[in-house]
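No hydrogens, no waters, no symmetry mates; every other heavy atom, side chains included, goes into these values.
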Amino acid sequence: MKQLRWLGAAVILSLYTTSVWAFSIDDVAKEAKSLAGKGYEAPKSNLPSVFRDMKYADYQQIQFNHDKAYWNKLKTPFKLEFYHQGMYFDTPVKINEVTASSVNRIKYKPDYFNFGKVKHDKDTVKNLGFAGFKVLYPLNNKGKNDEIVSMLGASYFRIIGSGQVYGLSARGLAIDTALPSGEEFPRFREFWIERPAPKANWLVVYALLDSPRATGAYRFIIRPGQDSVVDVQSKIYLRDEVGKLGVAPLTSMFLFGPNQPSPVANYRPEMHDSNGLSIHAGNGEWIWRPLNNPKHLAVSTFTTENPKGFGLLQRNRNFHSYEDLDDRYDLRPSAWVQPEGDWGKGRVELVEIPTNDETNDNIVAFWTPDQLPAPGKEMNFKYSIRFTRDEDKLHDAESAYVQQTRRSVGDVKQANLTRQPDGTIAFIVDYSGAQLKKLPKDAPVAVQASIGDNGEIVENSARFNPVTKGWRMMLRVKVKDEKKTTEMRAALVNGDKTLSETWSYQLPANE
């Protein structure tokens, strides 16, 4: 009997000694759900005027002192640095460190920062805070830290892989983007960052999202490398009804390119962080939508149930297409969202906003579900985002992909060999791919094309491109009303076999 009691006590003792305290997304979700059941409290700015009214150039002068990076004295390849409050980053963000046994608030200290030439009263900064954080990691060379993650402003974050420079951004959530009611920008109000193990090659970050009509709990597992990948898990709760919920949103910039040349002389042939939206629809179709900088707000919708993936890509990697030694658009990553599990019925939506310069992010893409649950009910979304310069991974190897789209005045070659404009608009689309290269150059490749009610196809033809060993599509269209948008779709076919992804283009209204 005593032996049985001893065994029972041993089992209980074993349970206690092997149990491990662990912080998880469920801890954040409890807080998010609790917030969703309460009225929204707008964050209050605590900034003195010298920081609130500063220009971007002044804000850039406030630099974190590298010798005070968090985890500097630990045997881990990851280091943390923080952003100071300033400009429109006017409310503090809580940042915590999660260890094996506790959660500890990382407290703001003015001496973390070098304020440069920003004149300020030292007493006014004592009780300020962090605006966000950045992650350092020896990505390109051992022993040299590179900034690989930036989490700053609303729910925005940027991540890069080896040999890349910052370009497009991802976001936690988008609400009512491009609706007349105006967009709502949820913000990450608090972060929890797990202290990484000495040899860990990944970093775990949790975030609490808050906005007037939604809250959310997020877990990010960041895996730096040649392609840096972040695995995202989110639990979202609505406070109130929303018109449109944007899941896994990506934000980028498109100013001009060969499908929409610069309206003024510019030595750069192209200027953009991304040049197209790629979609792998639930039915298996691959779609490529070149980006525009329209004169008026434009929204394109691609209905798809259980999407297999979508992303904003920078398909052109040739430096001479950009000729920019400072901003290096050729090194900016593509971002590919790959859902985990079934997301149900919904659509990928592309929003294009007019802009006159490259400082404005004017492109947004996200997935939005057809049906939303009642306020307070939990929504779960899991997905990964890959940041890469290897776009060959981001399309079907068995299907040709669009290498470039060029727009021109349509013309017809006369008997005297001069070219006579005929009132049409011409699109020259080059397709490439391993399967195309296997075809003989006299293969009967044709174009299957369609156009909306506002246009007429005058010519559609395909010819072998001996330079790329692919095929070039020529599409000449006549627009009926230039004040309206014109939708087009086209693909290469060989008999009844589709050879390529679908080129889907929206010609913006011209007024």
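- Between the side chains of Thr368 and Glu349, no donor-acceptor pair is found at a separation under 3.5 Å.
- Ion pairing between a basic and an acidic side chain is recognised when a charged N comes within 4.0 Å of a carboxylate O; Lys413 and Asp411 show no such pairing.
- Residue Phe191 is tested with Phe157, Tyr218, Phe133, Tyr83 for a ring-ring contact (aromatic ring centres under 6.0 Å, His included); the sole match is Phe133.
- In terms of modelled atom types and a separation under 3.5 Å, the side chain of Asn460 and the main chain of Gln448 share no donor-acceptor contact.
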Could you please spell out the steps behind the side-chain hydrogen bond (donor to acceptor under 3.5 Å, both in side chains) verdict for Thr355 and Asn360? CA-CA 7 Å; Thr355 185; Asn360 296 317; 3.2 Å; yes
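- No option in Asp273, Thr251, Leu168, Asn275 other than Leu168 meets the side chain to side chain contact (heavy atoms under 4.5 Å, CB included) test with Leu312.
- In this structure, Thr486 and Val477 have side chains that are not in contact, with every pair of non-hydrogen atoms separated by 4.5 Å or more.
- Among the candidates Glu270, Arg332, His272, the single residue satisfying the side chain to side chain donor-acceptor pair (under 3.5 Å) test with Gln314 is His272.
- Ion pairing of Arg187 with Asp210 is absent here, as no side-chain N (NZ or NE/NH1/NH2) approaches a carboxylate O to less than 4.0 Å.
- Of the charged side-chain nitrogens involved, none lies within less than 4.0 Å of a carboxylate oxygen, so that Arg239 and Glu184 do not count as a salt-bridged pair.
- At a cut-off of 3.5 Å, with distance as the only test, a side-chain donor of Thr502 or Glu285 sits close to an acceptor on the other residue.
- Residues Asn292 and Tyr505 have side chains that bring a donor and an acceptor to within less than 3.5 angstrom of each other.
- Judged purely by distance below 3.5 Å, without hydrogens or angles, the side chains of Glu501 and Tyr431 never pair a donor atom with an acceptor atom.
- Of the charged side-chain nitrogens involved, none lies within less than 4.0 Å of a carboxylate oxygen, so that Asp327 and Arg268 do not count as a salt-bridged pair.
- Within the structure, the ring-ring contact (aromatic ring centres under 6.0 Å, His included) test picks out the following pairs touching residues 465-490 (sequence neighbours left out): Phe464-Trp471.
- Using a 3.5 Å distance cut-off with no hydrogens or angles, the side chains of Asp231 and Ser384 do not pair a donor with an acceptor.
- No hydrogens or angles considered: a donor-acceptor pair under 3.5 Å links the side chains of Ser321 and Asn316.
- By the 30° and 60° cut-offs, the orientation of the rings of Phe381 relative to Trp343 is perpendicular.
- Remark: aromatic rings of Tyr383 and Trp367 are distant, center separation not under 6.0 Å.
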